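Down below is the structure, laid out as structure tokens.
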Amino acid sequence: MSEKYLLTTALAYTNGPLHLGHARSTYIPADIMKKYLKLKGKDVIHVGGTDNHGVPITLTAEKEGVKPEDIVNKYHNEIKRDLDNLNVEFDSYGKTHSDIHIETAQEFYLKLKENGYIYEKEIEQFYCPKCDRFLADRYVEGTCPFCGGEARGDHCEVCGRHLEPTELINPYCINCNTTPELRKTTHRFFKLSALSDDLRKYVESSDMPEHVKNMAYSWINELHDWDISRDIKWGVPIPDSENQVMYVWLEAPIGYISFTKQLGDVWRDYWLKKDSNENENNNYNTKDVKIWHFIGKDITVHHSVFWPGMLIANGEYNLPSSVISGGYLTLEGRKMSTSKKWVVWVDDFVKYFDSDYLRYFLMVNAPLNRDCDFSFDEFQKRINTELIAIIGNFTHRALVFSHRKFKAIPVVDEENLKDEDKELINKCKETVEKVDKHIMEFNFKDAIMDIIHLAKEGNNYFQKMEPWTVEDENRLKEILYTCAVVVKHITYLLYPFMPNKTMKLLDLMNEELDLEIRGNDLKKPKVVFTKIEDDQIKMVKEKLLKSEDANEKRKEKNKIKRNEKGDSMDLISIDDFAKIELRVAQILEAEEVPKSKKLLKLIVDIGDEKRQVVAGIKGHYEPAELVGKKIVLLCNLKPAKLCGVESQGMVLAAGDEVVALLTPDKDVPVGSKIC
RNA sequence: GGGACCGUAGCUCAGCCUGGUUGGAGCGCUCGGCUCAUAACCGAGUGGUCAAGGGUUCAAAUCCCUUCGGUCCCA
């Protein structure tokens, strides 16, 4: 049976471009899955687009004095550019502010109404008499009734509580500061509460991971009806109501359907139920189509409860098989924040690094459902010591050697291979199975680790076989053939993660994206996996993290230190202090440590002996001005080598940006103990 | 305020559901070897009061409770 797969990615909101967090939680994982399924010959499409409605966009438009459409178009284009740069492929990419979507959403709504899931109710809403309009939640600010802090609409900035805007103390219209009044308005409601039993059955039969199911259940137990009307102009008009548009969470997910429709009639094969009685058998898990929604963890409940609820109520469509919710990305250990400019935009990042490196790092550094930290140092480390040193080096050494000896990959009869060759080829096959299992379970990190293990086996084999000492040409061919098989497997399995790099490797090999060896001539091997140099990381950090506020950084640093220690100030006893031997020392010689940016080598006199110590004060002191200075030295520190130079103690100094050596206030003899 | 998830080697993570051989992997670090290769490779070694406290049990990283720290959600 040929299974169909429909992958969707969360619709990007058009009030900004994409940052690394979007890439990590949603788009890269979906694209990896898409590329992998395609590689396996599956029928798979990836559908996505942008979410163009909602209040934040109208706020941005008002602030900039332009039309909402202008904001939407600008960011729609930027988001698509970013996705292209990340090599994320779509079969269809749309906008919710498009005719096909508006039409689809309205039809969907009318079907809900026809099925009896829509009703009207009069409610009270804030209305600004001066602006002459109803105020959406975000247009009202005031004081939080719980903590007295400043609250924006439905959320308190201080205590983080969720609020009803009508609970606010001293509410005001953010546009004109006028105190809004409550006015009656008739809203449409979606009868979500009627769907509890169906939803419970659906979630149970779905392939969602346990933690998603648990969250869904806790919501399903306390469902209430959904207010789906908004008294604003920007949005999808509710067909049977004047001056109202649909709540974005009602219409946006319908985009998954409308954007699939852009592909033409095939959309029906993915979305429309084959058997309209299917749900009656309590079997919501369709066998012939897998619909997988890739999303960020913040919108899990919308995709595991509200959206399936809409689909059940509508009755015409297949339900999602699973919801893959990606964890958040922190930047250098801190939450990303676009308002605080603590963020790395995709567009900036790809100016400096191959997007393949980003794809690799973001998938290998943490499992998908967990939060992941992006730090430039960690990024460099993982790329250089893992990807390049293991995978990059193996593929390169194998190709270079084959090229030098035969100008091609030698093809031999596998039957005649020696046991150790066959064993390695078997490992390749085993790896294909393991990687397949991991990818199909969305364990991308484990999949990559298995590829690394295979490359390690390859390196191991190469080392043991010592092809550079092998005189027998036939044997050499067998060894290099075996290596080529490994390279081919690595390339194949790595392709979904790193499409650019693997295609370059295949080009050097004159090979196709499969597991065969054709024995074609090799091109002159070039280094495909290039190293990330220290200078490059330093430069990029300065460019991309420069918006960082120095105070924030310091605060964060202190916070991290506190967390490490468990408390802000751990108390020690006098006995603990007695363990530390501090003495007054005099600097006799000072010189720079070559190859180091921060270190000076000092020879100091501590009274009864001379010590060599290395201090990180280069740039803060000239070697010449140090000679003769009396300083404080920690004498009983375990010796350590810094940049290859032994240090027998530690010079005490204070400060971060300005560094000052500690010196005795009065002249005391060299070697004096400090206590 | 309510709910969900997370806290395991210097770093990033497995293991926990279904308690029971010496708690694993990659990186790092130390030592030794090698040179085909991007100062890359190979081998050996190093390293953990499994957040803290309490409980259940013959036995707990694993089950239960509390506390602390982190994250997300509240239509």
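Numbered from 1 within each chain, the chains take letters A, B, ... in sequence-line order. Everything numeric in this text was worked out from a predicted model, so none of it was measured.
In this structure, A:D377 atom CG and B:C27 atom C1' are separated by 14 Å, rounded to whole Å. A:H438 places its NE2 atom 15 Å from the P atom of B:G26, with the value rounded to the nearest Å. In this structure, A:W249 places its CH2 atom 11 Å from P of B:C73, rounding to the nearest Å. One can place CG of A:D373 at 8 Å from P of B:C13, the figure rounded to the nearest angstrom. In this entry the distance linking CG of A:L454 with P of B:G26 reads 14 Å, nearest Å. Spacing between atom CD1 of A:I448 and atom P of B:A14 amounts to 14 Å, rounded to whole angstrom units. Put simply, CG on A:N443 is 20 Å from P on B:U12, counting in whole angstrom units.
Side chain of A:R200 to main chain of A:L195: no donor-acceptor pair is present (N/O by atom type, distance under 3.5 Å, no hydrogens or angles). At least one donor-acceptor pair under 3.5 Å links the side chain of A:K445 to the backbone N or O of A:V364.
When Watson-Crick and G-U wobble pairs are counted only if both distances are under 3.5 Å, B:A59 pairs with no nucleotide at all. Across all strands shown, B:G10 forms a Watson-Crick or G-U wobble pair with B:C27, both key distances being under 3.5 Å. When both distances must be under 3.5 Å, the Watson-Crick or G-U wobble mate of B:A4 is B:U71. With a 3.5 Å ceiling on both atom-pair distances, the Watson-Crick or G-U wobble partner of B:C41 is B:G33. Shown here, B:G19 forms no base pair; nothing in the strands shown gives a Watson-Crick or G-U wobble contact with both key distances under 3.5 Å.
With no hydrogens or angles considered, no side-chain donor-acceptor pair links A:H155 and A:D137 at under 3.5 Å. Side-chain contact, A:E378 with A:S375: no donor N or O sits under 3.5 Å from an acceptor N or O. Judged purely by distance below 3.5 Å, without hydrogens or angles, the side chains of A:Y139 and A:T58 pair a donor atom with an acceptor atom.
Comparing A:D154 and A:H396 against RNA chain B, the residue whose closest nucleotide sits nearer the 5' end is A:H396.
Across all strands shown, A:H224 has heavy atoms under 4.0 Å from base atoms, whether or not it also approaches the sugar-phosphate. Backbone-only contact: A:E378 has heavy atoms under 4.0 Å from sugar-phosphate atoms and none from a base. Using a 4.0 Å heavy-atom criterion, one finds that A:Y328 contacts the sugar-phosphate atoms exclusively. Contact annotation for A:F529: base contact, defined as any heavy-atom pair under 4.0 Å involving a base atom.
Partner of A:V486 under the side chain to side chain contact (heavy atoms under 4.5 Å, CB included) criterion, out of A:N459, A:L424, A:T431, A:T491: A:L424 alone. The only option from A:Y117, A:Y247, A:W307, A:Y119 that meets the ring-ring contact (aromatic ring centres under 6.0 Å, His included) definition with A:W226 turns out to be A:Y247.
Across residues 361-371 of chain A, A:N365, A:A366, A:P367, A:R370, A:D371 each have a non-hydrogen atom less than 4.0 Å from an atom of RNA chain B (numbered order).
For A:E124, the CD atom sits in a packed shell: over 12 heavy atoms of surrounding residues, nucleotides or ligands are nearer than 6.0 Å.
Taking the ring centre of A:Y328 as origin, the terminal cationic atom of A:K335 falls outside the region bounded by 6.0 Å and 45° from the ring axis. The cationic group of A:K501 lies under 6.0 Å from the six-membered ring centre of A:Y357 and within 45° of the ring axis, placing it in a cation-pi geometry.
You can call A:W468 stacked on the base of B:C36; the centres are under 5.5 Å apart and the planes sit within 30°.
Nucleotides B:U35 and B:A14 place their P atoms 40 Å apart, quoted to the nearest Å. Separation of the C1' atoms belonging to B:G24 and B:U66 is 31 Å when rounded to the nearest angstrom.
For A:K531 and B:A40, the shortest distance from a side-chain N or O to OP1 or OP2 is below 4.0 Å.
Under the 4.0 Å criterion applied to side-chain N and carboxylate O atoms, A:E420 and A:K464 are not assigned as salt-bridge partners.
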Pairs under 3.5 Å (N/O, protein and nucleotides 41-44 of chain B):
unit_1: B:C41; atom_1: OP1; unit_2: A:A389; atom_2: O; d: 2.9
unit_1: B:C41; atom_1: O2'; unit_2: A:R397; atom_2: NH1; d: 3.0
unit_1: B:C41; atom_1: O2'; unit_2: A:Q463; atom_2: OE1; d: 3.3
unit_1: B:G43; atom_1: OP1; unit_2: A:N460; atom_2: ND2; d: 2.7

